[in-house]
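Note: hydrogens, waters and symmetry copies are ignored here, and every other heavy atom, side chains too, is used. Predicted model only: the values in this text are computed from it and were never measured.
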Amino acid sequence: MAYARTNQEVETTERIRKTIQEVGVSITVTSVTSTLAFGLGCLSSIPAVFWLCLYAFPTIIFIYFYQLSFFVACIVLDERRIQSNRRDCCFC
């Protein structure tokens, strides 16, 4: 929704930059708190909780960097495709 509220006459990369500025704090705070929660869960003596947290802890960190790098790049490429009136590769 934040991207849709930006001025459509501005260049795509500028629109993405403004969107990330707006939602980046929320993404960061959510990722940090989830990482801390799962990191502290690794201290649990219950095996199921320990293993869940052990796998979730690095996964949250990976997803954070994925969202801010690869996913944003895909959004830029898709928006450029839309602006040039090309069809997408999925027909569903």
Side-chain angles (χ1 to χ4, degrees):
M1 289 304 280
Y3 183 75
R5 289 191 306 260
T6 59
N7 183 1
Q8 294 183 358
E9 296 169 3
V10 178
E11 187 178 340
T12 303
T13 52
E14 182 64 22
R15 289 179 68 195
I16 293 291
R17 188 185 64 76
K18 288 183 179 186
T19 303
I20 295 299
Q21 281 181 340
E22 184 177 332
V23 300
V25 174
S26 302
I27 293 171
T28 301
V29 169
T30 303
S31 297
V32 166
T33 56
S34 297
T35 301
L36 286 174
F38 285 117
L40 290 174
C42 290
L43 302 174
S44 176
S45 60
I46 303 170
V49 173
F50 171 78
W51 287 108
L52 171 77
C53 293
L54 189 66
Y55 282 103
F57 173 70
T59 303
I60 298 293
I61 296 170
F62 172 77
I63 290 171
Y64 174 73
F65 289 111
Y66 172 80
Q67 288 175 343
L68 294 179
S69 59
F70 182 76
F71 184 67
V72 172
C74 288
I75 291 173
V76 170
L77 291 175
D78 189 51
E79 184 61 27
R80 287 180 181 167
R81 178 197 58 80
I82 291 169
Q83 288 177 351
S84 65
N85 293 324
R86 287 184 283 145
R87 297 187 73 131
D88 55 357
C89 59
C90 297
F91 51 86
C92 51

What donor-acceptor contacts under 3.5 angstrom involve side-chain atoms of residues 71-78, with partners at least two apart or in another chain?
from  : atom 1 : to    : atom 2 : distance (Å)
Asp78 : OD1    : Arg81 : NE     : 2.9
Asp78 : OD1    : Arg81 : NH2    : 2.8

Heavy-atom side-chain contact between Thr13 and Glu79 under 4.5 Å: no

Got a sec: does the CZ of Phe50 have more than 12 other heavy atoms crowding it under 6.0 Å? yes

Who are the side chain to side chain contact (heavy atoms under 4.5 Å, CB included) partners of Thr59, not counting sequence neighbours? Ile63

Nearest 0.5 Å, please: how far is CD1 in Ile60 from OG1 in Thr30? 10.0 Å

Mind checking salt bridge (charged side-chain N to carboxylate O under 4.0 Å, His left out) for Arg17 and listing every partner two or more places apart, or none if nothing turns up? Glu14

With a 4.5 Å cut-off on side-chain heavy-atom distances among I, L, V, M, F, W and Y, is there a chain of contacts connecting Leu54 to Ile61? no

Atom CG of Leu43: over 12 foreign heavy atoms under 6.0 Å: yes

Tell me which pairs pass side chain to side chain donor-acceptor pair (under 3.5 Å) where either residue lies in residues 32-53, with sequence neighbours left out. none

Test of understanding: with ring pair (Phe, Tyr, Trp, His ring centres under 6.0 Å), list the residues that count as partners of Phe70, not counting sequence neighbours. Tyr66

So which atom in Arg15 and which in Asn7 form the shortest heavy-atom distance, rounded to 0.1 Å? CD-O, 3.2 Å

Kindly write out the residues that satisfy side-chain hydrogen bond (donor to acceptor under 3.5 Å, both in side chains) with Ser31, not counting sequence neighbours, or none if the list is empty. none

Would you say Leu68 ends up clustered with Phe65 if hydrophobic residues are merged whenever their side chains have heavy atoms under 4.5 Å apart, either directly or through other cluster members? yes

Have a look at Val25 and tell me which of Val23, Val29, Thr28 forms a side-chain contact (heavy atoms from CB on, under 4.5 Å) with it. Val29

With rounding to the nearest 0.5 angstrom, report the CD1 to OG1 distance, Ile82 to Thr12. 9.0 Å

Can you tell me how far CD of Glu22 sits from CD1 of Ile27, rounded to the nearest 0.5 angstrom? 10.5 Å

